[in-house]
Amino acid sequence: QVQLVESGGGLVQPGGSLRLSCAASGLTLDYYAIGWFRQAPGKEREGVSCISNSADVTTYSDSVKGRFTISRDNAKNTVYLQMNSLKPEDTAVYYCATGTRDYCAGYGSQDYDRWGQGTQVTVSS
């Protein structure tokens with residue numbers, strides 16, 4: 001079976017940091033680009049970051065650029081999202097997903113086909 005599991009979410013104060021993990025089973029993760037997405041109550045799902053299969057290319061949304069860093073360890077079949085300088089507006093459920101290609105084509109739903117269950121990130125004082 002194919003499964004993606006996100007972890008590392010939690011409650012953090014503004015300005016704090018969290019590191020999210022996306023662990024895969026049932027597939028070789030280095031075949032795929034991996035994207036991170038988030039969805040807050042009352043808002044549409046938005047793309048946050050993407051990393052190519054070999055990690056030579058990374059992308060970030062304007063809202064997180066300079067604060068978040070995506071990385072991967074293909075030997076561990078895991079992708080990470082380091083989130084620094086967190087803001088209340090970062091509060092959301094964060095999801096990882098496998099791309100349909102080995103490169104980052106964008107953040108459209110058509111560009112990703114396997115999704116994890118999500119992990120909650122809450123930024124509040």
Side-chain angles (χ1 to χ4, degrees):
Q1 70 279 17
V2 175
Q3 187 175 25
L4 299 176
V5 178
E6 301 94 335
S7 62
L11 176 64
V12 65
Q13 293 183 339
S17 298
L18 287 173
R19 190 189 194 194
L20 305 183
S21 297
C22 174
S25 61
L27 75 161
T28 302
L29 205 58
D30 61 356
Y31 290 168
Y32 308 100
I34 302 296
W36 282 98
F37 297 78
R38 66 187 183 186
Q39 188 166 21
K43 294 186 177 181
E44 298 294 325
R45 185 178 62 199
E46 65 171 320
V48 174
S49 185
C50 182
I51 186 167
S52 64
N53 69 324
S54 59
D56 59 329
V57 175
T58 59
T59 66
Y60 301 92
S61 66
D62 289 340
S63 62
V64 309
K65 189 175 298 182
R67 299 187 296 119
F68 291 10
T69 302
I70 191 170
S71 62
R72 67 192 302 160
D73 186 341
N74 287 338
K76 296 183 180 295
N77 235 17
T78 302
V79 174
Y80 305 95
L81 185 68
Q82 179 67 46
M83 306 186 297
N84 298 327
S85 301
L86 284 163
K87 305 174 180 179
E89 52 263 44
D90 295 318
T91 296
V93 177
Y94 283 71
Y95 302 88
C96 65
T98 57
T100 58
R101 307 291 188 188
D102 58 354
Y103 58 89
C104 296
Y107 297 115
S109 295
Q110 295 178 342
D111 298 318
Y112 301 88
D113 55 6
R114 300 182 182 93
W115 296 79
Q117 85 290 343
T119 185
Q120 176 71 49
V121 172
T122 302
V123 184
S124 177
S125 59

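Computed from a prediction, not measured in an experiment: that's the story for all the values here.
Atom-to-atom distance recorded for Y103:OH and D56:CG is 13.0 Å, nearest 0.5 angstrom. Atom CG in N53 sits 9.0 Å away from atom SG in C104 (nearest 0.5 Å). To the nearest 0.5 Å, atom CD of residue Q3 and atom OG of residue S25 are 4.5 Å apart. Here the CD-CG distance, from Q1 to L27, works out to 11.0 Å after rounding to the nearest 0.5 Å. One finds the CG atom of L81 at 10.5 Å from the SG atom of C22 (value rounded to the nearest 0.5 Å).
No continuous path of ILVMFWY side-chain contacts below 4.5 Å connects L18 to V93, so the two sit in separate hydrophobic clusters. Linking Ile, Leu, Val, Met, Phe, Trp and Tyr residues whenever their side-chain heavy atoms come within less than 4.5 Å leaves V123 and Y95 in two separate clusters. V12 is connected to L20 through a chain of hydrophobic side-chain contacts under 4.5 Å among Ile, Leu, Val, Met, Phe, Trp and Tyr, so both are in one cluster. No continuous path of hydrophobic side-chain contacts links L11 to M83 [ILVMFWY only; heavy atoms under 4.5 Å]. When hydrophobic clusters are built by joining Ile, Leu, Val, Met, Phe, Trp and Tyr residues whose side-chain heavy atoms come closer than 4.5 Å, directly or via intermediates, I51 is grouped together with L29.
Counting only heavy atoms from C-beta outward, the side chains of Y60 and I70 approach each other to under 4.5 Å. S17 has its side chain within reach of Q82: a pair of non-hydrogen atoms, C-beta onward, lies under 4.5 Å apart.
For Y112, the ring-ring contact (aromatic ring centres under 6.0 Å, His included) criterion is met by F37, not counting sequence neighbours. Considering only residues two or more places apart in sequence or on other chains, K43 meets the salt bridge (Lys or Arg N to Asp or Glu O under 4.0 Å) condition with none of them.
For the pair R114 (side chain) and A97 (backbone), a donor-acceptor distance under 3.5 Å is absent.
Between I34 and C96, the shortest heavy-atom contact is CG2-CB, 4.4 Å. Closest non-hydrogen pair, T28 versus N77, comes out as C-OD1, 3.9 Å. Contact between Q117 and V5 at its shortest, heavy atoms only, is OE1-CA, 3.6 Å. In this structure, R72 and S52 approach most closely via the heavy-atom pair NH1-O, 2.6 Å. Taking all atoms of both residues into account, the shortest heavy-atom contact from A40 to T91 is CB-O, 3.5 Å. When every heavy atom of A33 is checked against every heavy atom of C50, the shortest pair comes out as CB-SG, 4.2 Å.
Applying the salt bridge (charged side-chain N to carboxylate O under 4.0 Å, His left out) rule to pairs touching residues 17-41 yields R38-E46, R38-D90, sequence neighbours excluded.
Using the six-membered ring where Trp is involved, F68 and Y94 have ring planes that are tilted, between 30° and 60° apart.
Defined by atom type and a distance below 3.5 Å, a donor-acceptor pair is present between the side-chain atoms of Y107 and T59. For the 3.5 Å distance criterion, the side chains of S61 and S63 qualify, holding a donor opposite an acceptor. If you check the side chains of D113 and T100, you find no donor sitting under 3.5 Å from an acceptor.
A cation-pi contact, defined as under 6.0 Å to the ring centre and within 45° of the axis, is absent between R45 and W36.
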